[in-house]
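Data block below; observations after.
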Amino acid sequence: MDTNIAYGLMLVTLGFFGYVGFQAATEKELDSDEYLSARGSQNWQRIGLSLFASGMGVWILLAPSEVGYYGGFWDVVGYALSSATPFLLLAYVGPKIREKLPSGVTLADYVRMRISRPMQIYVGVISILYMFTFLFAEFTVIGVVMERLSEVNTLVVMIAVGLVTTAYTAYGGLPTSLRTDRWQAWGIIWLIVILFLLLFGNDVGSLISDAKAFNPIDEWSYGSISYMETFASGLALVVAITAAEMFSQGNWQRTWASEDEKALKKGAFLAAGMVMPLVFIMGFLGTVVAGQGLIEGDAAMSEKAAAFFYLIEDANILILGFFIVLGIALICSSADTLQNAIVASISRDIFDGKVNLSAARIFTLALIPMAIYLAVWGVKNGYSIFAIFLFADLLAAATVLPVLLCLWEKVHRKAALAGAICGILAVIAYGIYEPATSYEGIKQYTMYLIYPTMADPAFEGGAISPVDGGLTNLWVFVWALVGSGLVTILGSLALNQSNVQEEE
């Protein structure tokens with residue numbers, strides 16, 4: 001597409017969302033609580049659309065098709081399920097936590113109430129690391145997407161998106177993000193419906209045949225919806241992404257933004273029902289690309305990550321224009337949520353609610369330069385978006401059970417903190433048990449902390465590979481979950497028993 005048209009569509013889309021955001025910000029005076037929580041202001045439809053829009057970042061255009069390109073049936077199904085399970089878990093856990101802590105903003109607020117301030121800080125740090133990784137991954141993806149659609153300067157795109165979303169988010173906080181989410185959600189829905197009608201309006205039978213076929217030219221790709229040997233990998237995706245999304249404070253902010261527990265539950269079910277089929281279809285299209293053999297086996301990782309775009313590379317200017325608008329809408333919907341959520345976690349969890357609104361706005365402004373820097377580095381080095389997400393997922397998986405066990409009345413604060421730390425140590429223990437033999441020294445035992453993607457993660461640029469029947473190493477996540485959970489449960493029982501004996 002002509003670069004002038006691409007820049008024009010980008011600016012118009014950003015201008016629209018900027019206008020909507022600033023209009024929402026000027027409607028009423030904001031205090032710190034309203035800025036971070038928009039407490040009790042959203043009905044179930046608004047919450048559902050907001051959860052959908054904030055969860056459906058521009059990653060949807062790359063990561064599912066990348067999984068489909070490399071994996072088999074269960075990888076695609078697992079990724080689709082994993083997009084919905086965090087909302088289903090939120091529907092179950094969210095109302096309970098909201099009822100016990102009506103004044104909360106983040107998940108770590110509840111952790112502090114149940115356990116301790118040190119555990120709140122630990123959970124806050126993990127949440128910030130996860131969300132910031134998600135944020136720079138989103139900027140990486142929009143760089144790849146715009147590079148595929150036009151010859152625009154990806155750095156210019158990243159800076160423009162960063163400036164606009166940061167401006168209205170810093171000014172209006174969560175209420176602004178919630179308002180733009182509704183527009184973004186409906187825009188995403190209609191654009192995707194139109195685009196899928198264009199893609200599937202031709203020969204559906206040929207698409208299905210291509211999806212069933214194995215990749216004829218890339219030895220690292222199964223790329224077939226008929227390949228059924230990836231159950232463990234698909235299960236790992238469900239575990240990893242469900243655990244990670246528990247630390248997305250954007251979801252928890254919306255827990256308290258809901259007008260009541262019923263609105264939260266219905267909204268979470270709505271978001272789950274919308275996102276799961278979308279992710280499945282995008283993953284399915286990745287297997288179509290693999291079956292058609294459209295990507296050379298020695299192509300760069302960024303090329304394989306953008307598998308979906310091979311289906312539309314000969315599309316007319318109208319379809320390419322739709323995708324530019326869609327890409328900008330998708331990154332705006334996730335970036336503004338992540339920026340505000342990181343600020344909420346910094347403000348509440350790290351600084352104990354002692355920073356004012358001006359400081360929160362400064363935090364928001366400070367996030368973007370580093371995120372863009374890392375995104376440019378990621379695009380330049382061709383890193384796998386899927387692998388970047390999995391690194392963040394592993395950090396969360398090592399901490400999620402100690403956090404969820406806060407709902408257990410017998411949990412002990414010292415045991416929960418020890419359990420969270422031991423979740424990370426358990427991954428290293430797995431590395432000692434099953435070393436990454438392509439590395440030497442300490443790297444043999446620690447590489448799974450960075451690349452939990454395969455039996456032996458020794459591939460340039462964090463490349464993923466279907467070694468041993470799947471994209472994701474299930475056992476890395478199992479060890480993280482079991483290690484953290486066992487230490488928390490057994491430690492709580494032991495410490496509670498010790499306290500009883502001391503009292504006697």
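All figures in this text were calculated on a predicted structure; none of them were measured in a lab.
The distance from atom CG of L278 to atom CD1 of I188, rounded to the nearest 0.5 Å, is 9.0 Å.
The side-chain hydrogen bond (donor to acceptor under 3.5 Å, both in side chains) test applied to T399 returns no partner, not counting sequence neighbours. Among residues two or more places apart in sequence or in another chain, the side chain to side chain contact (heavy atoms under 4.5 Å, CB included) test is passed with T3 by Y7, S150, E151, V152. Applying the side-chain hydrogen bond (donor to acceptor under 3.5 Å, both in side chains) rule to D352 yields the partners R112; only residues at least two apart in sequence or on another chain are considered. Partners of T169 under the side chain to side chain contact (heavy atoms under 4.5 Å, CB included) rule, at least two apart in sequence or in another chain, are D336, Q339, N340, T364. Remark: T85 pairs with T242 by the side-chain hydrogen bond (donor to acceptor under 3.5 Å, both in side chains) rule, at least two apart or across chains. With sequence neighbours left out, the side chain to side chain contact (heavy atoms under 4.5 Å, CB included) criterion links F22 to A167, Y168, Y171. For Y310, the side-chain hydrogen bond (donor to acceptor under 3.5 Å, both in side chains) criterion is met by E303, not counting sequence neighbours. For the side chain to side chain contact (heavy atoms under 4.5 Å, CB included) test, residues two or more places apart in sequence or in another chain that qualify with A84 are A272, V275, M276.
Among residues at least two apart or in separate chains, salt bridge (Lys or Arg N to Asp or Glu O under 4.0 Å) pairs with a member in residues 167-190 are E27-R179, D181-R254. Identified under the salt bridge (Lys or Arg N to Asp or Glu O under 4.0 Å) test for residues 256-273, with sequence neighbours left out: R98-E261. Listed by first and then second residue, the ring pair (Phe, Tyr, Trp, His ring centres under 6.0 Å) pairs involving residues 327-354 are F351-F363 (not counting sequence neighbours).
In terms of heavy atoms, A371 sits closest to F132 at N-CZ, 3.6 Å.
Side-chain contact between S127 and T106 is absent, with no heavy-atom pair separated by less than 4.5 Å. A 4.5 Å side-chain heavy-atom check between D349 and I128 finds every atom pair outside the cut-off. Using a 4.5 Å heavy-atom threshold, the side chains of I97 and W256 count as touching.
With E147 as the fixed residue, the side chain to side chain contact (heavy atoms under 4.5 Å, CB included) test singles out one of T154, V157, I142: T154.
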Residues 322-333, side-chain donor-acceptor partners within the protein, below 3.5 Å, at least two apart:
| from | atom 1 | to | atom 2 | distance (Å) |
| --- | --- | --- | --- | --- |
| S333 | OG | A53 | O | 2.8 |
| S333 | OG | M56 | O | 3.4 |
| S333 | OG | A329 | O | 3.4 |
| S333 | OG | L330 | O | 2.7 |

Please walk me through it: do I368 and M158 pass side chain to side chain contact (heavy atoms under 4.5 Å, CB included)?
CA-CA 9 Å; I368 296 304; M158 293 178 191; over 6 Å; no
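Classified by interplanar angle (parallel below 30°, tilted 30° to 60°, perpendicular above 60°), the ring pair F280/F284 is parallel.
For the residue pair S345 and Q249, no side-chain donor N or O sits within less than 3.5 Å of a side-chain acceptor on the partner.
In this structure, the ring of F16 has its center less than 6.0 angstrom from the ring center of W183.
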